[in-house]
Amino acid sequence: MERREGMDFIRERVWRDVQSGRYSGRVATRFPPEPNGYLHIGHAKSIALNFGIAEEFGGVCHLRFDDTNPETEDMEYVESIQRDVRWLGYEWADKQFFASDYYEQLYQLAERLIVEGKAYVDSLDEEGIRRCRGTVTEPGQPSPYRDRSVEENLDLFRRMRAGEFPDGAHVLRAKGDLAAPNMKMRDPLLYRIRHFAHYRTGNAWCIYPMYDYAHPVSDALEGITHSICTLEFENNRAIYDWTLDNLYGEPRPHQYEFARLNLDYTVMSKRKLLQLVEEKHVSGWDDPRMPTIAGLRRRGVTPEGIRLFCRRIGVDKTNSRVQIEALENAIRDDLNARAPRVMAVLRPLRVTLTNYPAGQVEWLEAEYWPRDIDQTGSRRVPLARALYIERSDFSLAPPEDWTRLVPGGEVRLRHAYVIRCDEVVTDPASGEVVELRCSYDPDSLGKSATASRKRSTAIQWVAADEALPVEVRLYDRLFTVPNPDEGEEGKSFKEYLNPGSVEVIGRAYVEPVLAEAAVGSRYQFVRHGYFVVDSDSGGSLLVFNRIVDLPDAFASKLAGKGREIRQPVAQPAEGGVGSISDERERVRAANPWLASRYAELTETLGLTPEQADPLTGSEEVVRFLDVVLAAGASVRAAANWINNDVLRDRKGRSMAELPFSGADLGELLCWVDDGTLTTAAAKRVYAEMAAGQGTPRAIVARLGLDGSVSEGELAAMVAQVLAMLPAKVAEYRSGRQNLLGMFTGQVMRLAGAKADPRQVQQLLRQQLAEEPTGCGEHPTEMSDR
RNA sequence: UGGGGGAUAGUUUAAUCGGCAGAACACCUGACUCUGGAUCAGGCAGUUGGGGUUCGAAUCCCUGUCCCCCAGCCA
């Protein structure tokens, strides 16, 4: 783990914690599904993140079932989750846990919170609690039960556990802050009464902990270091921290949030997926159109393909929607190297080779792999007088650039002969083409194409009588719109279901060699896509699922353009009222002294309103400014430095808490004003001051910023930098002027802050302008001039 | 509306805490090909708007805009 470059923000956090020894170098993550549904591709992102981090940092990842709600959870889901995580290629060994195993500890810890006066039993009903919670703009009101004694709370809580009360009679709540702007902190619920048999603990409990309480404690119990969850839990972090700060000390687990995955043309919420299953819009959780892990597996996608996809989409905090093409492409990239090629005809058109002897069958050698795949192997394919080719490989009226078969034209049968279409037989009634009568060129087998045949495509085919009839299921996106969750007003996501999301071809033909294909084996049907043998195969009938099709450059060209481009939303023109500056304006309106100082700054001291505004928002800032000015600094410098640097460092504190005084800053600014220090040097000094490293005078002395670099020294450093970057120098000379900033940065790093960047740039321009002495290809030699 | 989070090519994302805006997918050209696949070469295209500080800003300051989350005894 040397390089942090390219790490997502969570890995970077973990990396820093490992470096700093925050957890003695330990890394423990967890994947915490609730067993109330099947895992989907969004979970795969989380699984890859949590297990991936554990692998990369030599840590562990726990599989924990977050089962705190008996009403929705079930063993079936536990088993499906185990199966899916394992299938994705992750191993948790003995690190499998259940929140339900912690019920007793959770309960004891809750009693402790009660004893410490941090939790209470509330006897308000659901409606009452809701009313007392307030709204996002109004604070909540305390429940009349909030001030019960510890004894009473303890007694009630124990009787809750003992089953003395019906559902909803009481709850245990944390004593939070009812006025907290974060709604989650307004006395969050810790326990509720549920007389409901739990799938693991049966009737042992009738009170169940809430997520916000059970989750952090479970993390702590297991020694988790980094608790990674999705963005919608950001507000819950406050309770997470509250719980663990009260029950455990540092080092303790901390929560980090990332954006969940959204995929175009599908839905990703468990509720909606459950609906699709229960209402039979799909055949089950493992319907090949479902974004579930089970569905993807049935579809024929490999775990490696899914992991490749997860790697490519990355991890961030930005809400995003990933294009379905990204998934499809990862799947293809994975399958390309592992699926042998075979021929299949999905929509057959009969071809008779008129000059091929009836009754003769010729078995031709055919490679399984194209040249560019590093695998070998072949099978034999039967050729006979009667064949099928793809209907779409023949055209009576071909579009421009057509390279397949036309009347009178030739085409290569893949792995076999070149044929010519001599006659087209049509159904007199419908006009439909029913048969092609062709002649083959016996001399064309294995011969490379002659110039005249060069532009023909090699099409797939099967021998009509020898081919194996199979069922083929072609899957397409489940929904007709990219985001079914956000359709028109009042429309359910189900109204966007794609009626053509599956097409079953009851009788397609494949090479006889596939007769022995096992369930789950994957092939590329040449020019069609990747297919897998479905578990519905049985008896004499094989069933193939299309996993993903192949890009078809010709088809997309014919269709016109590529995918539609989403228009960015137009931004309304500016206007409106700024809240922070508004606030300052209100302050000034109520404070004549501030108002007069604002007027003075703008009218007689030459500041713009934008500069004067932040300076006059409070009296302490104005007083600070006065001290800076008294020390002799110019108004302009004082205003800029206070606005851009001091106010940032003060954030959330008072001016008095700054580790330096106005006089210090004034002194520093004087040196800038009179040229003693460069701006760059002053920034450096200021940074030290802000870090509490002493007075400006002391810092200048300590860093050796007094005095200056001689022009000669500087010129030498410039030359040295240019010598180290010959390629960049060449680029610059050929016109990439914006490299000057990079050169400047390099020299400044070498010279330290006391060099004047303006002087550096002047020297750089000079040296770079000098002609490369006739050795443009060897710019290294330019260094010592 | 209070609070929390977010905004970099069409999409998903990098950029060593102020110094070369880089990649992948998509799209377009071309080469190659017994898959209109793959591969290879090239191209199009970006810092949410406006001001400021600085030699230099995606990054710092000010000020707008847009998007997401929170008022379950779900997780």
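Here is the naming used below: chain letters follow the sequence lines, and residue numbers restart at 1 for every chain.
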Exercise. Assign each of A:Val526 and A:Arg636 to its nearest nucleotide of RNA chain B by heavy atoms, then name whichever residue's nucleotide is nearer the 5' end.
Key: A:Val526
Exercise. Using the C1' atom on both, measure B:rC60 against B:rU47 and round to a whole Å.
Key: 16 Å
Quiz item: Hey, is A:Tyr211 doing a stacking thing with B:rA75, by the 5.5 Å centroid and 30° angle criteria?
Solution: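 So A:Tyr211 does not count as stacking on the base.
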Any N/O donor-acceptor pair, [X] side-chain to [N] base, under 3.5 Å:
X        : N      : answer
A:Thr318 : B:rG6  : no
A:Gln761 : B:rC55 : yes
A:Asp552 : B:rG37 : no
A:Arg404 : B:rG36 : yes

Quiz item: Do we get A:Arg371 above A:Trp369's six-membered ring, with its NZ or CZ under 6.0 Å from the centre and within 45° of the axis?
Solution: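 No - A:Arg371 does not lie over the ring of A:Trp369 by the 6.0 Å and 45° rule.
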Quiz item: Between the side chains of A:Tyr120 and A:Asp187, is a donor N or O closer than 3.5 angstrom to an acceptor N or O?
Solution: yes
Practice problem: Respond yes when some side-chain nitrogen or oxygen of A:Arg758 is under 4.0 Å from OP1 or OP2 of B:rC55, and no when none is. | Solution: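 Result: yes.
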Self-check item: Test of ring centre spacing under 6.0 Å for A:Tyr213 and A:Tyr191
Solution: yes
Exercise. Taking the six-membered ring for Trp and the full ring for Phe, Tyr or His, determine whether the centres of A:Phe65 and A:Phe31 are under 6.0 Å apart.
Key: no
